[in-house]
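Okay, structure first, notes after.
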Amino acid sequence: MPLTVVLDHPRLRDVVVLQDVTDDGQPLARADVPRAALPAAVAAREAERPRWVWDDTARWYPPLLAAGARVERCHDLRLCHTILRRSVLTRDSELAQSAPGRWDAPSPGEPKAVEVSLFDDPRLASTPAAHAATDEDAPDDSDPLAELQRQFAAVAGADDPGRLRLLLAAESTGALIAAEMRHDGLPWDVAVHHELLTRELGSRPAGGGRPSRLEALAAEVRTALSQPALNLDSQQDLLRGMRAAGLDVESTRKWDIQGLDHPVAAPLLEYKKLARLLSANGWAWMEQWVRDGRFRPDYVPAGVVTGRWASSGGGALQLPTSIRGAVRADPGWRLVVADAAQLEPRVLAAMSGDDAMAAAGRHADLYQGVVDAGIVETREQAKYAMLGAIYGATTGASAMLMPGLTRAYPRAVGLVEAAARAGERGEPVSTWLGRTSPVPDAARMAELRAASSEGAGPADVRAARQQARTWGRFTRNFVVQGTAAEWALCWMAALRRRLRAIDGRPHLVFFLHDEVMVHSPEPVADEVATAIHDAAVEAGRLLFGDSPVDFALQVAVVDSYDQAK
DNA sequence: CACATTGGCGCC
DNA sequence: AGGGCGCCAATGTG
C-alpha cells in the first residue's frame, strides 16, 4: 500500500512536496509540484490508491475538493498525534514522552482566516510562517515525515497495535468525510424555512424588531405580570418582574416556569421557545449560513474529548427538530436518514461481553427487550435505568432502578462502575480502541486524593468526594460515549466506501453522533439504505469481531428531514 | 472598547 | 438527575 506525504516545500511558498514513503516511513521517491498543480497531481496519483499523509486534513483537503479532486484515504498527523499522545497503549513511546509541540496545537482550520491572538503561544501555532519564527535551538519536531515515523513507532510498540491502527484509520477517514460534507453541503430549502418561521413567529418586520407573534406574546406576558415596560430579554428584569408579581421562582428557567400556576406561565414559555428559534435559527441564521441551497457547517472531528465530533458555526449538531423540514432533497433525489437505535447501551453490551444485555438488544428496541426480559416494568424505566448506568445517576428514580439492572447485567454495569472508580482515583480510562481520557489537572488531582484521606476536616472531605464523584461520572461516560463514537466513525467510513460503488454519486451530507444522512439519486435510494445496513454490520465486526450484539438501525427514505422518525 | 463569563436551551 | 457539546444575549471585567 503506497504512502505519500504531502508537505510544504521548506523554502518555496508555491511549491508542495510529494514524498513517497515505505510502510515504516522510510523515504522513497520525491516530487516537487507547483501548489496550483496539486489537485491534478493528487488526482493522477489517486489511481494507485495511496494513503495520503498530511499535517491537517482541514488545511489540505478543502482546496483539493474545490478543484474537484477526491481522495479515498489519508493519515491525519495532527488528529492521530492527539490520540497517540494520550493513549495508555502508547504511554511509553517517544511520541508520548516528548514535550508538547506543534502537533498538539488545535487546527487553525480551513476556510476561516487564521486568527492569531497575541496571547497564543507561538510555539503552538501550526502555520508554516509562525513555525518558522520559533526558537532555532528548540528540537525541530515539525517535519511531517519525522512525525509519521514517531507515530509508526508508537503504534508498533503498543500493546494492541491492531486497535490503534483501526482507530487512526477511522479518525482520518472521518476528517475526510467532515471536509467532504462541508463541501457538498446539506440541502436546505430557504423558502420552506421562511414559511416555517413566518408561521411560528409571525411576519418579519422590515426594520428589525420582534416578529408579530413574538411581540403579541410579549404583550401578554407584560399584561399577566401587570408590568407594561418589562424587558423579557433580560433575565434579571424578568426574574425581578415575576417576583414583583408575587411569584416564587428561583430563576427564569423553563423548568421553574413550567411549575407555575399563573396566567403568565403559558405565554412566557411560548415566548421563550420562539425567541430561541428566532435567535438560533431565524432569518439571520439563514442569511449567514445558507448559500445556494446548502448549509455548510464546519465539522470538527474529535472536537469533543471523547472523540465525538463538534462543530463550529451555525450550530450544525444542534439543529432543532422544529426546523428540520427545511432540509429537503433536490428534485429527483431523496434523503436516506439512518440512526443507530440505542447505540450506547449496545456498545456497552459489546465491550463488556454482557450476553444478557446483548440478548435484550436482539429486540429492535433494546429498551423493550429489557422489559420483555422482566428486568423492569416499562420502557421508560428501562431507558432511565440504562441512561443512569451510563451517565452515573446517584439519586431519583433512575438510581432506584440500578440494583435491578446490576443483577440482570452484571458485566455491563461492572464495566461502567470500574470506569467510575478509576476516575474517582484520578486514573485515566480508555475506549475500546484505545482513546484515553485526560487526567485531572494538578488542583483537581489534589482534591481527588483528599477525598480518600483521613487527615482533612469532614467538610473538606465531603467537598472532595463530591469532586471525585463528578470526575468519576465523566470517566464512566467516557468509555461508552467514546466507544460509541468509534463505532459511528467505522460505520460512516464503511458506508462511504460502499457509496462509491453506487451509481449517481450518492453522498453523505450529515452526521450527528449516531445518525447519518445520505443525499441520494431517487433510483438508488434503496441501494443506499442497504449499504447503510451493511456498513453497520461491518462496523460491529471491525470493533467487536463475532460479538453477539446487534447494532439495530432505523432507516428512512424521505424527501425532507422532518419525515424521518 | 473588546473580550470573557454566565444563564438558558438546543442536540445526542 | 446524571455525561458530552455550541450558540445567543445579557452581563461582567480589564
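Quick note on labels: first sequence line is chain A, next is B, and so on, each numbered from 1.
Between the side chains of Tyr271(A) and Arg210(A), a donor-acceptor pair is found at a separation under 3.5 Å. Tyr61(A) and Glu180(A) share a donor-acceptor pair across their side chains, judged by distance under 3.5 Å alone. Defined by atom type and a distance below 3.5 Å, a donor-acceptor pair is missing between the side-chain atoms of Ser352(A) and Asp354(A). Arg473(A) and Thr470(A) are linked by a side-chain donor-acceptor pair at a separation below 3.5 angstrom, with hydrogens and angles left out of the test.
Of all nucleotides listed (dT11(C), dC9(B), dG2(C)), dG2(C) comes nearest to the side chain of Ala393(A). For Ser312(A), the listed nucleotide lying nearest its side chain is dC7(C); candidates were dG2(C), dA1(C), dC7(C). Each of dC7(C), dC12(B), dA10(C) was ranked by its minimum atom distance to the side chain of Ser234(A); first place goes to dA10(C). In the set dC9(B), dA1(C), dG4(C), the nucleotide with an atom closest to the side chain of Lys254(A) is dC9(B). Closest to the side chain of Ser279(A), from the set dC8(C), dC12(B), dG6(C), is dC8(C). Considering only side-chain atoms of Arg253(A), the nucleotide from dG8(B), dC12(B), dC5(C) that sits closest is dG8(B). When the nucleotides dC12(B), dC5(C), dA1(C) are ranked by their closest atom to the side chain of Thr395(A), dA1(C) comes out on top. In this structure, of dG4(C), dC11(B), dA1(C), it is dG4(C) that holds the atom nearest to the side chain of Asn477(A). Closest contact between the side chain of Ala310(A) and the listed nucleotides dC5(C), dC9(B), dC11(B) involves dC5(C). Closest to the side chain of Trp255(A), from the set dA1(C), dA10(C), dC12(B), is dA1(C).
If you take CZ of Arg476(A) and P of dG3(C), they are 10 Å apart, rounded to a whole angstrom. The CD-C1' distance, from Gln318(A) to dG4(C), rounds to 11 Å in whole Å. Rounded to a whole Å, the CH2 atom of Trp285(A) is 16 Å from the P atom of dG10(B). Regarding Leu277(A), its CG atom lies at a distance of 13 Å from the P atom of dC8(C), rounded to whole Å. Counting to the nearest Å, the C1' atom of dG4(C) and the CZ atom of Phe511(A) are 13 Å from each other. Straight-line distance from the CG atom of Leu317(A) to the C1' atom of dG4(C): 11 Å, rounded to whole Å. Taking atom CG of Asp339(A) as the reference point, atom P of dC12(B) lies 9 Å away to the nearest angstrom. The distance between atom OH of Tyr391(A) and atom P of dC11(B), rounded to the nearest whole Å, is 14 Å.
Contact between the side-chain N/O atoms of Lys272(A) and the OP1/OP2 oxygens of dC9(B) is found at a separation under 4.0 Å. Put simply, Arg308(A) has no side-chain N or O that comes within less than 4.0 Å of OP1 or OP2 on dC5(C). Taking only side-chain nitrogens and oxygens, Gln258(A) never comes nearer than 4.0 Å to OP1 or OP2 of dG8(B). Close to dG3(C), at under 4.0 Å from its OP1 or OP2, lies no side-chain N or O of Thr306(A).
Using a 4.0 Å heavy-atom distance criterion, Gly314(A) is classed as a sugar-phosphate-only contact. No engagement by Ala316(A) is indicated, since no non-hydrogen atom pair under 4.0 Å with the nucleic acid exists. Within 4.0 Å (heavy atoms only), Glu344(A) reaches no atom of the nucleic acid at all. Residue contacts for Leu319(A): at a heavy-atom cut-off of 4.0 Å it reaches the sugar-phosphate backbone alone, with no base atom in range. As judged by a 4.0 angstrom heavy-atom cut-off over every strand, Arg469(A) is placed among residues making no nucleic acid contact. Counting any heavy atom pair closer than 4.0 Å across all strands shown, Phe478(A) reaches no nucleic acid atom. Here Arg276(A) lies in heavy-atom contact (under 4.0 Å) with a base. The residue Gly315(A) sits close only to the backbone: its heavy atoms come under 4.0 Å of sugar-phosphate atoms, none of a base. Residue Val305(A) is classed as a sugar-phosphate contact, given heavy-atom separations below 4.0 Å to backbone atoms only.
For the pair Arg328(A) and Trp188(A), the NZ or CZ position fails the cation-pi test of under 6.0 Å to the six-membered ring centre and within 45 degrees of the ring normal.
Taking the nucleotide of DNA chain C with the nearest heavy atom to each of Thr470(A) and Gln236(A), the more 5' of the two is matched to Thr470(A). The residue among Asn231(A) and Ala399(A) whose nearest nucleotide of DNA chain C is located toward the 5' end is Ala399(A).
Salt bridge Glu424(A)/Arg465(A): absent, no basic N to carboxylate O contact under 4.0 Å.
If you take CG on Leu260(A) and CG on Leu268(A), they are separated by 8.5 Å, rounding to the nearest 0.5 Å.
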